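Because the structure is a prediction, the values reported are computed rather than measured. All values below come from the heavy atoms of this structure, side chains included, with hydrogens, waters and symmetry mates left out.
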Amino acid sequence: MVYKARTQQGVHIILAALQMPLLGMAWDSVYLTAVLLIVVAINLIALFIKYEFIIGADDVTFTTYFLWLKLYEKRVDKNSIKQVNFKRTGWQTKSAAIKTTEGFSIRLASFAPADLFEELIHFCEKHSIPYNKTKDFLILEKMS
């Protein structure tokens, strides 16, 4: 199944809006203006970043998009996954970190639909991949 997420758009909009008055005050300094323009541009670019996570039969795929362009894709087969750690992020957000034998870990949070973690646990049990749930994650499971 395909799971999708976006960056936290509200945070980036607020940061860009807060930096605009600074840009007006720093107009006399060329270097400070350039730095602020770069930071505002990064915040505006971050608004259009999307993530996609696919759980296949024997592998998982994590893809990052900017608009429609694929920026990054990581496909990990069942033999390359060392462990999956389920934990809580924020007050009521479940997250998971997939530890791989090579490269960076894959971090999953705020994906829709919400059954991602149940499917990931089923994937781990099906392929005998070790997984760990923190106390906070277990509390969130009981609440939902």
Checklist entry - Do the rings of F48 and F66 sit parallel, tilted or perpendicular, given the 30° and 60° boundaries? => result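 The rings of F48 and F66 stand perpendicular, inter-plane angle above 60°.
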Next on the checklist: Under the rule for salt bridge (charged side-chain N to carboxylate O under 4.0 Å, His left out), what residues qualify as partners of K142, not counting sequence neighbours?
Outcome noted: none
State plainly whether one hydrophobic cluster holds both [X] and [Y], where clusters connect Ile, Leu, Val, Met, Phe, Trp and Tyr through side-chain heavy atoms under 4.5 angstrom apart.
X: F53; Y: F104; value: no
X: I49; Y: I38; value: no
X: L71; Y: W68; value: yes
X: I54; Y: L69; value: no
X: Y51; Y: M1; value: yes

Pairwise side-chain contact, [X] with [Y], heavy-atom cut-off 4.5 Å (strictly under):
X: I42; Y: I45; result: no
X: K87; Y: D136; result: no
X: I55; Y: Y3; result: yes

Next on the checklist: Is there a side-chain contact (heavy atoms from CB on, under 4.5 Å) between V76 and V60? Walk through the geometry before answering.
Outcome noted: CA-CA 5 Å; V76 182; V60 295; 4.1 Å; yes
Checklist entry - In chain order, what residues pass the side chain to side chain contact (heavy atoms under 4.5 Å, CB included) check against N43, with sequence neighbours excluded? => result H12, L15, A16, Q19, V39
Checklist entry - Can you name the side chain to side chain donor-acceptor pair (under 3.5 Å) partners of K133, sequence neighbours left out? => result E141
Checklist entry - Among all residues two or more places apart in sequence or in another chain, which pass the side chain to side chain donor-acceptor pair (under 3.5 Å) test with T93? => result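 T93 satisfies side chain to side chain donor-acceptor pair (under 3.5 Å) with no residue once adjacent residues are dropped.
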Item to check | Exercise: identify the closest heavy-atom pair between T100 and G103 | outcome: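 Answer, listing the atom of T100 first, then G103: OG1-O, 3.7 Å.
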If you look only at distance, which donor and acceptor atoms sit under 3.5 Å apart when one is on a side chain in residues 107-130 and the other is two or more places apart or in another chain?
{"from": "E125", "atom 1": "OE2", "to": "Y131", "atom 2": "OH", "distance (Å)": "2.8"}
{"from": "H127", "atom 1": "NE2", "to": "A57", "atom 2": "O", "distance (Å)": "2.9"}

Item to check | Over 12 foreign heavy atoms within 6.0 Å of NZ, K74 | outcome: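 For K74, atom NZ is crowded (more than 12 foreign heavy atoms under 6.0 Å).
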Checklist entry - Got more than 12 heavy atoms from elsewhere within 6.0 Å of OH, Y31? => result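 No, the 6.0 Å shell around OH holds no more than 12 heavy atoms from other groups.
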Checklist entry - Could you state the interatomic distance from NZ (K50) to NZ (K70), rounded to the nearest 0.5 Å? => result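 Those atoms lie 13.0 Å apart.
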Next on the checklist: Once rounded to the nearest 0.5 Å, what's the spacing between atom OG1 of T134 and atom CZ of R88?
Outcome noted: 8.0 Å
Checklist entry - Just checking, K94 and F86: is the charged tip under 6.0 Å from the six-membered ring centre and within 45° of the axis? => result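 Geometry flag: not set, cation outside 6.0 Å or 45°.
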Item to check | Hydrophobic cluster of I139, others only, ordered by chain and residue number, side-chain cut-off 4.5 Å | outcome: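 L140, M143, all in the cluster of I139.
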